[in-house]
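Naming: A, B, ... by sequence-line order, numbering from 1 per chain.
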Amino acid sequence: MNNYYFKKILSLLATLLVISFLVFSAFEIIPGDPALSRLGTNATPERIAALRAEMGLDKPFLFRYFLWVVECVKGNFGTSYSYNVPVMSMIGEKLPITITLTLLSMSMTMIISVPLGIALAKYAHRTFDKVGFIANQTIMSVPAFFLGILFTYIFGLVLHWFKPGGYISYKQSIPGFIGFLIVPAIAIAIPKCAMSIKLLRAAVLQEADKDYVRTAYSRGNSTMQVMYRHVLKNALIPLVTFWGMAVADVIAGSIVIEQVFNIPGLGRVLLTSISNRDYPVVEAVILLIAVVVVLMDLVTDILYRRIDPRVRRNEKG
Amino acid sequence: MLQSIRKTLKKYNNFFFNVGMIITLVFFVLAVVGCFYTPYNTTEMNVALKNSSPALAHIFGCDNYGRDIFSRVMEGIRNTFFISFFTVMIGSLAGIVIGAISGYYGGKLDEILMRINDVMFAFPSVLLALVIISLFGSGTMVVTLALGIAFIPSFARIVRSEYKKQAALDYVQSAKLMGAKDIRVIFVHILPNILPVLVSSVMIGFNNAVLAEAGLSYLGIGVQPPEASLGRMLSEAQSYLFSAPWYALFPGLAIVFMVLGFSMLAEGISAAKSR
Amino acid sequence: MSLGSVKASYIPDSPDILVSGREITVSFSDRNEKRTTVLDGLDFDIYRGEILGLAGESGSGKSTLAKTILGMVKYDSGRLYVGADKPQMIFQDPYSSLNPAKKISWIMQEPLRLGTNLDKNTRKQKVSEMLSSVGLSDEIGDHKPNELSGGQRQRVCIGTALMRNPELLIADEPVSALDVTVQAQVLELMKSLHKKHGFTMLFISHDLRTMYNFCDRIMILQKGKIVESGKPDEMYRNPKAEYTKLLLESAGISSGAV
Amino acid sequence: MLLEVKDLTIEFHDHDRPETVVENVSFSLDKGEILGLVGESGSGKSMTAMAIAGLLPRKKMKKSGEIIFEEKNLLTLPRNDLRGLQGDEIAVIFQEPMTALNPTMRIGRQVEEALLLHRNMTAQDRKNRAIKYLKAVELDDAERIYESYPHELSGGQRQRVMIAAAMINRPKILIADEPTTALDVTVQAQIIDLLQRTNKKLGVAILFISHDLSLISRITHNVIVMQNGHIVEQGNTDEIFANPQNDYTKKLIAAIPKVELN
């Protein structure tokens with residue numbers, strides 16, 4: 001068991017190393033000299049050379065990669081080209097916003113989708129399911145940012161439930177901060193929720209056809225007993241994978257949602273750095289998300305092994 | 001020929017497929033017509049019509065420059081449609097080749113390919129596209145290419161698992177025993193059997209491509225003004241949300257229905273397959 | 001990777017031998033690199049024109065032996081001689097051994113398309129001859145596999161395998177997925193085709209009852225080793241190995257007549 | 001008479017045309033009897049058995065006739081009352097021990113589930129009883145198996161677990177739907193032997209469904225031969241095998257490969 005996790009963590013670290021190398025070399029091969037772009041085209045060659053040396057750009061590629069990785073591990077992602085402040089402090093300030101948004105929408109997704117997915121499957125092919133399925137399919141088709149705009153209009157401008165654009169920093173007031181993030185979180189959660197419901201419904205229906213369900217009925221279980229005691233655990237297996245990947249997806253989705261609700265989060269930082277060609281910041285954000293992807297992979301794996309004993313066997317011995 | 005078309009139509013005659021087909025056809029016609037004709041010039045401004053509400057002459061109303069929103073939505077649909085088309089083409093063709101090789105041959109090659117693929121797959125496609133765009137700029141071509149590349153892993157994953165399933169079946173062994181070369185087994189023997197899955201995942205690909213393109217153009221990446229794009233229209237409409245809510249509503253609905261059409265088609269195809 | 005023509009690593013002493021193996025060992029490694037021996041130093045000969053039965057339970061290695069002869073599995077050590085060019089195989093599950101996307105006629109033409117230069121009309125002619133010799137009507141060729149019954153499918157498989165007159169036919173549990181009455185018919189067909197074409201057949205089965213009348217010789221395999229071989233009548237009357245006795249007893253065949 | 005089936009007819013209504021899969025089937029099962037139900041695929045033998053077990057879907061299917069068990073008609077019995085019999089008086093074992101057990105639930109919980117549903121017992125009592133029954137089906141190391149998951153057992157062990165789980169409430173009827181088809185011959189013989197001894201020891205009546213005539217001829221007291229949803233012949237097993245009347249029965253018996261050692 002421990003041996004398995006040891007191996008797993010090693011392979012995840014290797015994955016991270018590969019990603020970091022790809023990211024680093026990608027920003028290496030792009031045309032344009034960061035020193036030049038920082039000083040402008042009319043700078044003297046001497047000044048450029050001096051700045052290149054200061055930025056470490058005159059060293060060999062692999063050496064710079066090695067230095068960069070060592071510094072990243074230490075938590076130092078370099079200095080922003082455009083703002084000349086440590087990348088870490090720029091990102092660190094924004095992290096709580098993105099994390100809160102992600103946690104809020106993920107928990108909404110999980111809490112709402114499980115009972116609804118089971119309910120649809122229970123009434124499969126009856127009117128409730130048919131109507132619910134079509135509604136679900138339609139909701140899945142609404143992009144989160146359009147939902148956000150609709151919510152801004154309906155809840156903000158018409159009903160005045162919240163003040164559009166009135167973001168409250170977590171430094172000012174934590175309840176106010178969370179209160180403001182709830183509507184954006186709902187906008188992110190609704191399409192994800194619809195997808196979870198669809199997946200769970202399909203998984204439950206697929207499980208319901210299996211032989212062990214018939215065995216359960218033959219012992220005198222009622223439909224609800226069969227669903228919750230036998231089917232649910234097996235049907236959650238595909239959903240766990242989906243949720244694991246949804247976390248990274250939600251973070252990516254929050255980039256757009258932050259624009260809609262004018263929230264100064266990680267997404268805003270990424271977008272400005274992309275347009276400013278502020279590569280240390282872009283690299284850091286990408287690496288950060290890669291870490292989340294890899295971590296979620298680990299969490300999914302742990303959950304998987306809790307739910308499905310067959311997975312445990314495959315790596316034993 | 002005619003008979004086989006009729007047979008196919010009968011096989012796919014279900015609610016989801018029909019609704020999806022109708023919606024998609026409407027958008028397809030709008031996109032194609034949008035290449036040659038729009039009711040008004042999409043860039044012509046008219047101060048008198050600034051933020052005017054929907055009326056007979058301008059059924060979707062006018063935007064903050066007094067441009068006809070219906071015409072601009074048509075143009076946006078056209079752009080989204082073609083960007084999505086090429087995105088899915090790039091993603092699916094590369095995905096088929098990678099997935100087929102990986103799934104059919106298996107072994108170490110499969111392990112390495114899928115390792116890379118899985119990391120890329122778990123990486124949100126919008127973000128992957130953003131990385132590529134940050135490297136090469138934000139034109140229409142780059143966005144199409146970036147999304148196309150970002151879509152490869154999901155296709156490769158599906159195709160690989162189908163090939164793995166098929167390669168384990170006896171008819172594949174049988175074909176090899178007859179003396180069929182691998183390339184023939186892959187494309188002549190196996191490919192027709194995964195076609196339904198492939199078509200349905202291409203439709204889901206369209207669905208995701210439309211969503212991703214709209215998201216990116218909302219961020220101002222992709223189609224550049226004054227050319228219309230649905231996402232950018234939404235982002236511009238946000239400033240006038242209170243005075244001209246229809247400006248946001250119509251491009252948004254266009255995205256929703258376009259996505260809905262493709263997802264219904266995908267649903268309909270899987271439903272026909274499982275019957 | 002082209003299958004079916006295995007290079008001989010030695011030449012057996014008798015010209016009557018079509019396939020022969022000496023000390024054949026095959027092992028697989030699982031995901032944790034742990035190796036399990038599936039075939040453990042097998043010595044066997046298959047004589048020209050005979051029907052050799054290969055009996056054993058799941059995990060005995062009988063299918064692996066077939067795949068080794070066909071070159072689909074590599075053997076770790078030992079010597080193998082396969083004197084037949086393009087040996088063919090009939091699989092257990094007639095539902096997965098025919099390509100679901102193709103028509104029967106297309107499937108049956110494929111061996112000719114790949115191995116001969118015959119034109120389309122000649123190929124079709126040959127297919128229709130083969131269909132009638134496996135007891136199927138011509139119009140079956142226009143159907144797809146899912147429109148056929150299990151018995152019909154297995155007939156098609158037999159016909160396809162015989163399209164290029166192979167010297168060796170390996171049948172891996174060819175009737176165990178079929179209904180009992182259909183089983184009898186398919187076995188009868190195979191027997192009569194064997195008489196007509198004179199190919200050599202390796203008949204893999206777990207059913208000692210079926211093998212009794214069908215095979216000229218029987219080899220009993222247990223955990224990758226041959227525990228006994230001989231003519232069915234002698235073996236059933238006087239089984240030497242304990243395992244053979246157990247198998248016969250389990251099948252309800254005691255030393256008396258049943 | 002323990003169970004009586006009268007004029008059982010089952011129709012499917014999920015396609016364009018209704019399809020009759022079982023038509024006018026009547027037979028009875030006595031206490032302690034092993035009754036064979038034999039036929040090829042599509043004969044309706046499994047449908048008949050599932051109707052008795054109460055496992056046919058309620059929708060898209062029309063059932064008529066009667067299945068009388070202890071003066072109750074199982075076909076019309078309300079579902080809650082039927083559930084009271086399932087797993088208590090009537091138990092089932094299935095063909096695929098691989099898939100008939102829940103892959104994510106420990107063996108112990110599956111074996112004792114019928115106790116949980118039908119008896120008022122403490123958890124410890126249930127466990128003791130489950131282990132007793134696991135031992136009774138000759139599983140050595142019953143305590144370990146109690147804590148195992150299905151994938152950790154072999155096919156034969158799983159089928160033994162199924163039998164223990166089915167017998168734990170001492171049912172009056174055990175429906176065995178091709179219980180050995182998926183197993184190896186030697187394991188098959190052991191399971192058959194176990195079923196026969198269970199029948200003798202506990203007096204449970206067994207409805208044994210199989211396509212394997214040689215197996216049926218060896219273990220059943222009486223046999224019913226079905227074809228296309230109809231009963232074509234029924235009676236004492238030895239008599240039918242010695243002197244079949246119906247053409248189809250003759251054909252089936254002729255299809256058993258003969259082993260005549262001389």
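Only the side chain of D/Ile256 comes within less than 4.5 Å of a heavy atom of chain C; its backbone N, CA, C and O stay farther away. Heavy atoms closer than 4.5 Å to chain C are found in the side chain of D/Ser214, but not in its backbone. Proximity to chain C (any heavy atom under 4.5 Å) is shown, for D/Glu40, by both the backbone and the side chain. C/Glu57 touches chain D through backbone and side chain together, each having a heavy atom under 4.5 Å away.
Within a 6.0 Å sphere centred on CE of D/Met98, heavy atoms belonging to other residues, nucleotides or ligands number 12 at most. Other residues, nucleotides and ligands place no more than 12 heavy atoms under 6.0 Å from the CD atom of C/Glu188. Counting heavy atoms of neighbouring residues, nucleotides and ligands inside a 6.0 Å radius, atom NZ of C/Lys102 exceeds 12 of them. When the shell of 6.0 Å around NZ of C/Lys191 is examined, it contains more than 12 heavy atoms from other residues, nucleotides or ligands. The number of heavy atoms from other shown groups lying within 6.0 Å of NZ (C/Lys103) does not exceed 12. Around NZ of C/Lys245, the count of heavy atoms belonging to other residues, nucleotides or ligands within 6.0 Å exceeds 12.
Taken to the nearest 0.5 Å, the CG atom of D/Asp184 stands 8.0 Å off from the NE2 atom of C/His206.
Among the residues in residues 217-227 of chain C, none has a non-hydrogen atom closer than 4.5 angstrom to a non-hydrogen atom of chain D.
The nearest pair of heavy atoms linking C/Ser250 to D/Thr186 is OG-CA, 3.4 Å.
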Identify all side-chain donor-acceptor contacts of residues 130-138 of chain C below 3.5 Å with residues at least two apart in sequence or on another chain.
from: C/Ser132; atom 1: OG; to: C/Glu129; atom 2: O; distance (Å): 3.0
from: C/Ser133; atom 1: OG; to: C/Met130; atom 2: O; distance (Å): 3.1

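In terms of heavy-atom pairs under 4.5 angstrom with chain D, the leader among C/Ala251, C/Ala184, C/Gly150 is C/Ala251. The greatest number of non-hydrogen atom pairs below 4.5 Å with chain C, out of D/Val185, D/Leu183, D/Asp193, is found for D/Val185.
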